[in-house]
Amino acid sequence: ISLGLVGSEMCIRDRNRTPQKPCVFNRMQRGFTLVELLIAIGIMALLGVMASALLNGALQNQDHVAERQQQLERVALALQMMRRDLEQLTPRIPRDEQGDPLPARLVAEQIGENSELEFVHGGRRLLPGQVLNSSLERVRYEVEDGVLLRYSAAVADPTENSPRQRRELLVDVGRFVVSFYDGSRWTSFWPPSTQLNALQPSGLRIELDVGPWPDIEMNVLLPELVQ
């Protein structure tokens, strides 16, 4: 037996073979063909596309979760602000812009599907550099074009010329309903038509539909005030 190279393959020659017997090639030493290389490259490209899609999906989910978390934090902050204002309801009857007294310490009505709520509370916070003229603040909550707004004035009885601060609390608000408990039943107005001399309710319930979260509910027990 003798060995010889034919092209890039090794040929094993048998001296006893007949001339018509072909040479036996050793194919263990050959390299990749062009087709095999193209198949390997295609598989690697496919794996790269799949990995890129998985990575993009993970990043998008992370951004979505972060956005939802920020929305929930805004909802919690808005509810906390409303609760703080209501729990500091003052024992006084506010006046309108003409100086006439309002019918109760807290005035509310329902316009369409949403409520409007206005009252005076104490414990107003001051910004650095402000002078404390009064600790009372007149606030009003209402919905405009799907945005829950808080209007505030640094006085208990603002006039037409009194500056008011407008703050956007929540966006994409589908429903803002405030119900009041008078000790025996719930009503969506205050003062109720059957008790025009009622100064304030015992408590109230706030219902919100915000973005993907419907039926958000918060109950607030109002402070007992001297008649």
Side-chain angles (χ1 to χ4, degrees), residues 57-91 94 102-125 127 136-154 164-195 198-225:
L59 293 176
Q60 291 177 358
N61 289 336
Q62 183 178 3
D63 295 339
H64 183 69
V65 170
E67 182 180 358
R68 288 295 179 87
Q69 183 177 358
Q70 292 178 357
Q71 292 177 348
L72 282 175
E73 290 175 354
R74 287 194 292 267
V75 172
L77 180 61
L79 293 176
Q80 181 182 4
M81 180 176 293
M82 284 188 284
R83 177 184 292 275
R84 184 193 65 200
D85 289 346
L86 289 165
E87 289 179 345
Q88 295 176 336
L89 183 68
T90 57
L102 298 180
R105 294 168 179 164
L106 181 147
V107 178
E109 58 182 342
Q110 189 164 351
I111 308 298
E113 297 182 353
N114 299 314
S115 299
E116 294 183 0
L117 179 65
E118 187 171 1
F119 57 94
V120 177
H121 75 90
R124 181 170 66 91
R125 296 183 178 182
L127 297 176
L136 301 180
E137 184 179 41
R138 181 80 159 264
V139 294
R140 180 180 181 87
Y141 290 92
E142 62 182 65
V143 174
E144 295 180 5
D145 299 327
V147 180
L148 179 60
L149 301 173
R150 179 184 186 268
Y151 290 96
S152 61
R164 297 176 183 266
Q165 182 181 4
R166 180 181 183 272
R167 179 173 181 178
E168 295 185 1
L169 298 181
L170 295 172
V171 297
D172 196 16
V173 176
R175 184 172 62 104
F176 172 64
V177 177
V178 183
S179 303
F180 306 90
Y181 187 68
D182 62 2
S184 59
R185 63 187 182 91
W186 290 91
T187 178
S188 57
F189 297 86
W190 197 267
S193 57
T194 57
Q195 301 178 15
L199 295 179
Q200 74 169 62
S202 302
L204 56 83
R205 178 177 61 227
I206 297 174
E207 298 173 89
L208 277 170
D209 292 343
V210 182
W213 302 289
D215 301 327
I216 299 175
E217 185 175 313
M218 179 180 69
N219 297 319
V220 180
L221 181 64
L222 297 179
E224 296 182 3
L225 302 177

Tell me, yes or no, whether the heavy-atom count around Glu113 atom CD, taken from other residues, nucleotides or ligands under 6.0 Å, exceeds 12. no

Side chain to side chain, Leu79 and Arg84, heavy atoms closer than 4.5 Å: no

Is there a side-chain contact between Val171 and Gln71 (heavy atoms, below 4.5 Å)? no

Just wondering, do Val220 and Glu87 contact through their side chains at under 4.5 Å, heavy atoms? yes

Would you say that Ile206 contacts Tyr141 through its side chain, given a criterion of any heavy-atom pair below 4.5 Å between the two side chains? no

Could you measure the distance from the CZ atom of Arg185 to the OG atom of Ser179? Nearest 0.5 Å is fine. 11.5 Å

Test salt bridge (charged side-chain N to carboxylate O under 4.0 Å, His left out) on Arg150 and Glu137; report intermediate values, then the result. CA-CA 12 Å; Arg150 179 184 186 268; Glu137 184 179 41; 3.1 Å; yes

May I have the step-by-step check of side chain to side chain contact (heavy atoms under 4.5 Å, CB included) for Glu207 and Ile216, ending in yes or no? CA-CA 6 Å; Glu207 298 173 89; Ile216 299 175; over 6 Å; no

Separation between CG of Asn114 and CD of Glu144, rounded to the nearest 0.5 Å: 10.5 Å

Is the shortest heavy-atom distance from the side chain of Val139 to the side chain of Glu118 under 4.5 Å? no

Atom pair OG (Ser202) and CG (Leu221), whose distance is rounded to the nearest 0.5 Å: 8.0 Å

What's the separation between atom CZ in Arg138 and atom CZ in Phe119, rounded to the nearest 0.5 Å? 11.0 Å

Any side-chain heavy atom of Val173 sitting closer than 4.5 Å to one from Leu208? yes

Side chain to side chain, Leu170 and Val147, heavy atoms closer than 4.5 Å: no

Row check, Trp213 ring normal vs Arg68 NZ/CZ: under 6.0 Å, within 45°: yes

Got a sec: does the CD of Gln80 have more than 12 other heavy atoms crowding it under 6.0 Å? no

What distance do Ser115 atom OG and Trp190 atom CH2 have between them, rounded to the nearest 0.5 Å? 14.0 Å

Within-4.5 Å side-chain heavy-atom neighbours: Glu142 and Leu117: no

Would you check, one step at a time, whether the test side chain to side chain contact (heavy atoms under 4.5 Å, CB included) holds for Thr90 with Arg105? CA-CA 8 Å; Thr90 57; Arg105 294 168 179 164; over 6 Å; no

Can you establish whether the number of heavy atoms outside Arg167 located under 6.0 Å from its atom CZ is more than 12? no

Report the C-alpha distance between Met81 and Leu169 in whole Å, list the side-chain angles of each, state the deciding distance to 0.1 Å, and finish with yes or no for side chain to side chain contact (heavy atoms under 4.5 Å, CB included). CA-CA 9 Å; Met81 180 176 293; Leu169 298 181; 3.8 Å; yes

